[in-house]
Protein chains: 2
Amino acid sequence: MGATKTDHFTAEQNELAVIAKALGHPARIAIMEYLIKVDTCICGDIVNELPLAQPTVSQHLKELKNAGLIKGNIEGTAICYCINEPGIEKIRGFFQHITDHLDKKRKECC
Amino acid sequence: MGATKTDHFTAEQNELAVIAKALGHPARIAIMEYLIKVDTCICGDIVNELPLAQPTVSQHLKELKNAGLIKGNIEGTAICYCINEPGIEKIRGFFQHITDHLDKKRKECC
DNA sequence: TATTTATATTGCAATATTACGATATAAATT
DNA sequence: AATTTATATCGTAATATTGCAATATAAATA
């Protein structure tokens, strides 16, 4: 095969995987970090910041947007991108969940 | 092309991407959730839990272990897997960083 | 030591991702 | 209206991932 068996998992699991996958590339981590730093920017700023061509950056932005991690507003000829808080909270909740369990049990594994 | 330009990004960015990528598959999210629930288990338990063949589960476990999200201890003929806290803290720190910035600025994007 | 039990590795086909040149789109400016 | 500015989409080559059958490994047990 090669295709992920998406239908065998819950919507929640698939949604979390989509968000995590969106962050599973150093360029997209770099974009997120840059967005944190500058708060808001346009695609061209990122093209100047990263060693990637414009279509590649555009594609990465699309994936981050699709995963709900960023949002973009049209501003003249440009599109203004920034972090989308609900998306961040979604994945952060997953890690909080894990940490809560680890704190509660506080046991050395196997 | 097709290969990720890993060398153009920082070690930190690449490490975070590896962790996120490891979680970028519903089966691996499901494995993490199962591990949270049962605290510790062997590969065979996961094979019984998920709709995937043994080699596939073994492969997913390898990726999670490689990313530092889980660890495994040999226990007779079986290998006992559980969550690796430092790996969780690493990626959780990234989201904490984002959340801290969002809280501080509290501004509607563009 | 032969068998059982549990997991890992290999090999391979199907599919997905990455990157970018070329091109399209769309709003602003001249 | 032609040009500029900024981004998106298309097409495509290179590479990576997913999933599993077959097989290998390795410790425990009979």
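Residue numbers begin at 1 in each chain, while the letters A, B, ... track the order of the sequences.
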Check: Gln54(A) side chain, dA8(D) base, donor-acceptor under 3.5 Å: yes
Is any side-chain N or O of Tyr81(B) closer than 4.0 Å to OP1 or OP2 of dA6(C)? no
Got a sec? Which of residues 18-29 of chain A come in under 4.0 Å of DNA chain C, heavy atoms? Lys21(A), His25(A), Arg28(A)
Starting at atom NZ of Lys65(A), determine the distance to atom P of dA8(D), rounded to an integer number of angstrom. 7 Å
d(Met32(B) CE, Ile98(A) CD1) to nearest 0.5 Å is 4.5 Å
Starting at atom CG of Leu61(A), determine the distance to atom C1' of dT7(D), rounded to an integer number of angstrom. 10 Å
How many Å lie between CD1 on Ile70(A) and C1' on dA8(D), as a whole number? 14 Å
Of the listed nucleotides dT7(D), dA8(C), dT18(D), the one nearest the side chain of Ser58(A): dT7(D)
d(CG, Leu64(A); P, dT18(C)) in whole Å: 11 Å
Roughly, in whole Å, what's the span from NZ in Lys62(A) to P in dT9(D)? 5 Å
Ignoring backbone atoms, test whether Lys5(B) places a side-chain nitrogen or oxygen under 4.0 Å from the OP1 or OP2 oxygen of dC20(C). yes
His60(A) side chain N/O closer than 4.0 Å to the phosphate oxygens (OP1, OP2) of dT17(C)? no
Base, sugar-phosphate alone, or nothing: which one does Ile42(A) contact when heavy atoms must sit under 4.0 Å apart? sugar-phosphate
Could you state the atom-to-atom distance from CD of Glu63(A) to C1' of dT9(D) in whole Å? 15 Å
Any idea which heavy atoms bring Ala22(B) and Glu63(B) closest together, and the distance? CB-O, 4.1 Å
Of the listed dT9(C), dA19(C), dA8(D), the closest approach to the Cys43(A) side chain comes from dA8(D)
Using a 4.5 Å cut-off on heavy atoms from C-beta on, say whether the side chain of Cys82(A) contacts that of Asp39(A). no
Please work out if Leu52(B) contacts a base, only the sugar-phosphate, or nothing of the nucleic acid, heavy-atom cut-off 4.0 Å. sugar-phosphate
Assess whether a salt bridge exists between Glu85(A) and Arg92(A), defined as any Lys/Arg side-chain N lying under 4.0 Å from an Asp/Glu carboxylate O. no
Enter the distance from Arg28(B):CZ to Gln13(A):CD here, rounded to the nearest 0.5 Å. 13.0 Å
dC20(D) phosphate, OP1 or OP2, under 4.0 Å from Thr56(B) side-chain N/O: yes
Evaluate the side chain to side chain contact (heavy atoms under 4.5 Å, CB included) criterion for residues Ile70(A) and Leu61(A): first the C-alpha distance (whole Å), next the side-chain angles of each, then the deciding distance (0.1 Å), finally the verdict. CA-CA 8 Å; Ile70(A) 64 171; Leu61(A) 285 170; 3.7 Å; yes
Between dT12(D) atom P and Gln59(A) atom CD, what is the distance in whole Å? 15 Å
To the nearest angstrom, the CD1-P distance between Ile46(A) and dA6(D) comes to 14 Å
Which class fits the ring pair Phe9(A) and His25(B): parallel under 30°, tilted 30 to 60°, perpendicular over 60°? perpendicular
Are any side-chain N or O atoms of Asn84(B) and backbone N or O atoms of Lys71(B), one a donor and one an acceptor, separated by less than 3.5 Å? no
Want to settle it: does Thr77(B) or Thr4(B) sit nearer the 5' end of DNA chain C, counting the closest nucleotide to each? Thr77(B)
